[in-house]
*Asks:* 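A single structure is presented below for examination.
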Amino acid sequence: MYKMYKKVIVGIDDDDHAESILGAAIKIAKEVKSKIIIASSIPFMLDSAYGYNSIEGGLMSSYIGPTAEQIDDQVHNRKQLIEALVAKIVCDDEVEVEIIVSLEDAKDLILGIAAKYEQSLIVLGATSKKSIERFFVGSVAQYIVNNAPTDVYLIKA
């Protein structure tokens, strides 16, 4: 059914659709007997949990961001979440799994991994965001489809 892919790269985050997207990617990886690389991004964003410190009228003069420990905790928690999903879906050792959690932008992370492997397949979920949200935020899936050096398989989430 699928070409012979050496790697299946799946991009997931911590939303409700991660399990179904990961399940589909693992099924494909088993069929083509390839390694699966799970890429998950925790982008450094201006979060409402952190604030700005304004000194004498200087707008946003210094940003108070997360500490290194808080960032490490977020990465560790995301890895644990993914490991739990993998354990739930994969009941055997038929497929080799590598997990990459990064603070890098999801688009750059996934395309960077794909650039390393010529015969790879990228598996992503395609959500149905409202058009105004997509206008401001953009669509990771749409960007990757348009710029990927490999095939992309979208799963409607």
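In this text, all values refer to a predicted model and were calculated from it rather than measured experimentally. Just so it is clear, the values below take in all heavy atoms, side chains as well, and ignore hydrogens, waters and symmetry mates.
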*Asks:* For the pair Asp73 and Glu69, evaluate side chain to side chain contact (heavy atoms under 4.5 Å, CB included) and give the outcome as yes or no after the intermediate values.
*Replies:* CA-CA 6 Å; Asp73 286 346; Glu69 184 178 324; 4.2 Å; yes
*Asks:* side-chain contact (heavy atoms from CB on, under 4.5 Å) with Ser120: which residues, sequence neighbours excluded?
*Replies:*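 Checked Ser120 against side-chain contact (heavy atoms from CB on, under 4.5 Å); matches are Lys7, Ile9, Ala114, Tyr117, Thr150.
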*Asks:* Verify side chain to side chain contact (heavy atoms under 4.5 Å, CB included) between Ile37 and Val10, making sure each step is shown before the conclusion.
*Replies:* CA-CA 6 Å; Ile37 300 172; Val10 58; over 6 Å; no
*Asks:* Does one hydrophobic cluster hold both Leu81 and Ile89, with members joined at side-chain heavy-atom distances below 4.5 Å?
*Replies:* no
*Asks:* Please step through side chain to side chain contact (heavy atoms under 4.5 Å, CB included) for the pair Ile28 and Tyr153, ending with a clear verdict.
*Replies:* CA-CA 10 Å; Ile28 294 167; Tyr153 185 82; 3.9 Å; yes
*Asks:* Using side chain to side chain donor-acceptor pair (under 3.5 Å) as the criterion, list what pairs up with Lys35, not counting sequence neighbours.
*Replies:* Glu98
*Asks:* How far does CG of Leu22 sit from CD1 of Ile12, to the nearest 0.5 angstrom?
*Replies:* 5.0 Å
*Asks:* Which heavy atom of Val8 sits nearest to which heavy atom of Ala25, and what is that distance?
*Replies:*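 Nearest pair, atom of Val8 first, then Ala25: CG1-O, 3.9 Å.
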*Asks:* Got a sec: does the CD of Glu83 have more than 12 other heavy atoms crowding it under 6.0 Å?
*Replies:* yes
*Asks:* Evaluate the side-chain proximity of Ile110 to Leu124: yes if any heavy-atom separation is below 4.5 Å, no if none is.
*Replies:* yes
*Asks:* CD1/Ile144 to CG/Leu111 distance, rounded to the nearest 0.5 angstrom?
*Replies:*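 So the CD1 of Ile144 and the CG of Leu111 are separated by 5.0 Å.
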*Asks:* So which of Lys79, Gln80, Gln74 actually passes side chain to side chain contact (heavy atoms under 4.5 Å, CB included) with Asn77?
*Replies:*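 When side chain to side chain contact (heavy atoms under 4.5 Å, CB included) is applied between Asn77 and each of Lys79, Gln80, Gln74, only Gln80 qualifies.
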*Asks:* Where is the tightest heavy-atom contact between Val140 and Ala106, given as atom of each residue plus distance?
*Replies:*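 Smallest heavy-atom distance, with atoms named: CG1-CB, 4.2 Å.
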*Asks:* Run the numbers on Leu103 and Val75 for side chain to side chain contact (heavy atoms under 4.5 Å, CB included), then give the verdict.
*Replies:* CA-CA 8 Å; Leu103 301 178; Val75 170; 4.2 Å; yes
*Asks:* Do Asn146 and Gln142 come within less than 4.5 Å of each other through their side chains, counting heavy atoms only?
*Replies:* yes
*Asks:* Hey, could you give me the CG/CG distance between Leu109 and Asp105, rounded to the nearest 0.5 Å?
*Replies:*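 Reported to 0.5 Å precision, the distance equals 8.5 Å.
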*Asks:* With sequence neighbours left out, write down each residue that passes side chain to side chain donor-acceptor pair (under 3.5 Å) with Glu19, or none if nothing qualifies.
*Replies:* Lys88
*Asks:* First locate atom NZ of Lys30, then atom CD1 of Ile36, and finally report the distance between them rounded to the nearest 0.5 Å.
*Replies:* 10.0 Å
*Asks:* Just verifying a value: how many Å separate Leu85 CG and Ile99 CD1, rounded to the nearest 0.5 Å?
*Replies:*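 If I round to the nearest 0.5 Å, the distance is 9.0 Å.
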*Asks:* Work out which heavy atom in Ala141 is nearest to a heavy atom in Gly125; give both atom names and the distance.
*Replies:*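 In terms of heavy atoms, the two residues are closest at CB-O, 4.0 Å.
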*Asks:* For a quick test of reading the model, state the closest non-hydrogen atom pair linking Ser40 to Arg78 and the distance between them.
*Replies:* OG-NH1, 2.7 Å
*Asks:* Between the main-chain N or O of Glu104 and the side-chain N or O of Ser41, is there a donor-acceptor pair closer than 3.5 Å?
*Replies:*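 It does hold such a pair.
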